Amino acid sequence: MLHLDEKPILEVKDVSKLYAENKGCQQVSFELYAGEVLGIVGESGSGKSTLLKLLSGQLASDNGEVLYIDREANLHSLFEMPISDQRKLLRTEWGVVHQHPSDGLRMNISAGGNIGERLMAIGERHYGDIREESIEWMASVELAADRVDDKPSQFSGGMQQRLQIAKNLVTKPRLVFMDEPTGGLDVSVQAKFLDLLRRLVIELKVAVIFVTHDLGVARLLADRLLVMRHSQVVEQGLTDQILDDPQHAYTQLLVSSIVR
Amino acid sequence: MEMISAKNVSKTFVLHNQNGVELPVLHRAALSVNAGECVILHGHSGSGKSTFLRSLYGNYKIDSGAICIRYGEQDNERIDLVKATPRQIVQLRQQTLGYVSQFLSVIPRVSAIDVVMEPLLSKGVSYEECYQKAAHLLTRLNVPEHLWQLAPATFSGGEQQRVNIARGFIMDYPILLLDEPTASLDKTNSEVVIDLIQQAKNKGAAIVGIFHDSYAREAVADRLHTMNSKEV
């Protein structure tokens with residue numbers, strides 16, 4: 001049975017933010033469904049990170065509209081809601097995984113504290129429960145339980161990135177934004193991290209919008225791709241179709257540049 | 001019951017970065033496949049067999065024409081891949097359209113048995129049942145048990161291909177697209193694949209395949225669909 005009448009959870013209409021001519025992003029429109037994984041690809045300076053920041057409320061837009069339908073089917077207009085409501089959305093239904101763990105973690109409080117903080121932000125108060133749940137989440141991102149009281153600064157890059165994932169997923173968000181999630185990791189750690197991410201996304205059915213310049217990562221994680229160049233989306237569609245049969249000259253160049 | 005109906009399918013590859021060279025591959029290709037039928041795309045190298053098969057999976061984007069896929073028994077439960085959204089194609093592939101190529105796209109670190117189980121698991125079937133079915137298929141395809149928990153990246157070409165075949169046959173897809181599934185297999189394993197195809201056919205699957213190996217081709221084919229370059 002196909003769900004032909006399914007409604008998207010996120011509707012992005014004509015969103016723009018320009019710093020200079022063709023710098024930033026302009027006229028971006030797309031829809032995202034529950035559990036769908038969308039990759040934004042393109043080279044440095046194409047506007048992919050700007051777009052992600054706009055969509056996740058980290059940056060104000062020049063124009064356009066982002067509509068989000070929450071779990072209770074309430075409609076939110078991201079650019080029109082009070083900052084306090086945006087923050088609430090980011091604590092509850094959304095998550096943000098930053099490229100640099102230091103932007104997403106508090107480096108001087110314990111790993112358990114980093115995870116527990118998000119639970120406390122949604123009203124969890126029982127210390128024992130919070131600690132127990134933090135430990136459970138550490139296990140599901142393959143961090144040893146006995147590191148729960150260590151600070152992230154004592155972790156390797158790969159461990160920090162996994163801790164960021166745990167911190168975001170603990171409140172069971174419906175939509176997670178990730179900027180170059182594998183960007184700072186060594187190649188040997190990347191594969192492990194990608195596999196974990198892929199498994200969690202399938203298990204939890206969380207929708208993800210992520211930015212990457214690595215088409216291999218895009219193929220592994222994304223259902224669908226947006227290809228950006230000079231602030232515009234030049235092509236979008238099914239991941240394997242974009243990578244195996246690219247239509248736009250720029251996408252063809254991007255795909256043919258991969259070293260196999 | 002007609003499961004696949006492709007009409008007037010044309011496809012030209014335009015290589016923008018190589019002086020805009022145009023490679024016409026499909027010109028008004030048409031194909032109709034019924035449930036329980038196995039059709040072989042036949043023709044010399046370059047006649048567009050693979051392009052056509054990939055188009056039926058939504059992997060290649062056609063320039064014109066229509067590819068209607070049936071996903072349910074009701075008369076209106078058909079969708080044209082040309083008009084389908086990526087979301088719908090993903091769903092179609094989870095439920096209706098299976099594709100087995102000769103190459104396994106390996107996911108780092110994921111064990112062979114998990115690779116095989118994944119399509120069935122993501123449908124919500126219990127782990128136990130998925131494991132049993134995967135183990136049964138791997139055994140049938142002579143993949144030794146000591147390899148099941150290892151990631152297939154280090155397997156031989158033939159072993160990887162058999163893992164891929166097991167993954168393709170773990171679901172009873174109503175439509176199966178096969179791109180040379182017996183390409184590098186020995187006779188024993190080819191026979192197993194032929195059996196699996198016969199079984200799928202008996203369960204009512206509509207099958208479209210490319211087989212260079214004439215033995216396997218003759219064993220499974222109900223009819224040959226001959227393709228000529230640029231004209232089908």
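Naming convention: chains lettered A, B, ... in sequence-line order (proteins, then strands); numbering from 1 in each chain. It should be emphasised that the depicted structure is a prediction, and the values quoted were computed from it without experimental measurement.
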Completion exercise
If one checks every heavy atom of A:Leu194 against chain B at 4.5 Å, the contacting part turns out to be neither
Practice task
Spell out, as yes or no, whether a donor-acceptor pair under 3.5 Å connects the side chain of A:Asp223 to the backbone of B:Arg87.
Solution key: no
Problem - Side chain, backbone, both or neither of A:Gln236 within contact of chain B (heavy atoms, under 4.5 Å) - result: neither
Completion exercise
One should read off an interatomic distance between B:Ser122 OG and A:Glu203 CD, to the nearest 0.5 angstrom, of 11.5 Å
Handout entry: More than 12 heavy atoms of other groups within 6.0 Å of A:Asn74 CG
Key = yes
Fill in the blank from the handout: OH of A:Tyr33 to OG1 of B:Thr85, rounded to nearest 0.5 Å, is 5.5 Å
Completion exercise
Distance col, row A:Thr239:OG1 vs B:Asn59:CG, nearest 0.5 angstrom, shows 11.0 Å
Fill in the blank from the handout: The interface call for B:Tyr57 against chain A, heavy-atom contacts under 4.5 Å, is neither
Exercise for the section: Taking all non-hydrogen atoms of both residues into account, name the closest pair between B:His16 and A:Gln252 and its distance. Expected result: N-OE1, 2.9 Å
Handout entry: Greatest number of heavy atom pairs closer than 4.5 Å to chain B - which of A:Arg198, A:Arg199, A:Glu36
Key = A:Arg198
Practice task
State, with a plain yes or no, whether a side-chain heavy atom of A:Glu6 is found less than 4.5 Å away from one of B:Gln91.
Solution key: yes
Fill in the blank from the handout: When the 4.5 angstrom heavy-atom criterion is applied to B:Leu121 and chain A, the contacting part is neither
Fill in the blank from the handout: Of all heavy-atom pairs linking A:Gln241 and B:Tyr60, the shortest is CG-C, 4.4 Å
Fill in the blank from the handout: Scored by heavy-atom pairs under 4.5 Å with chain A, the best of B:Lys61, B:Glu118, B:Arg54 is B:Lys61
Practice task
Please indicate whether B:Gln132 has more than 12 foreign heavy atoms, meaning atoms of other residues, nucleotides or ligands, lying under 6.0 Å from its CD.
Solution key: no
Handout entry: B:Val110 to A:Asp195 - nearest heavy-atom pair and separation
Key = CG2-OD1, 3.3 Å
Handout entry: side-chain contact (heavy atoms from CB on, under 4.5 Å) evaluation trace for B:Val90 with A:Leu238
Key = CA-CA 8 Å; B:Val90 168; A:Leu238 197 63; 3.7 Å; yes
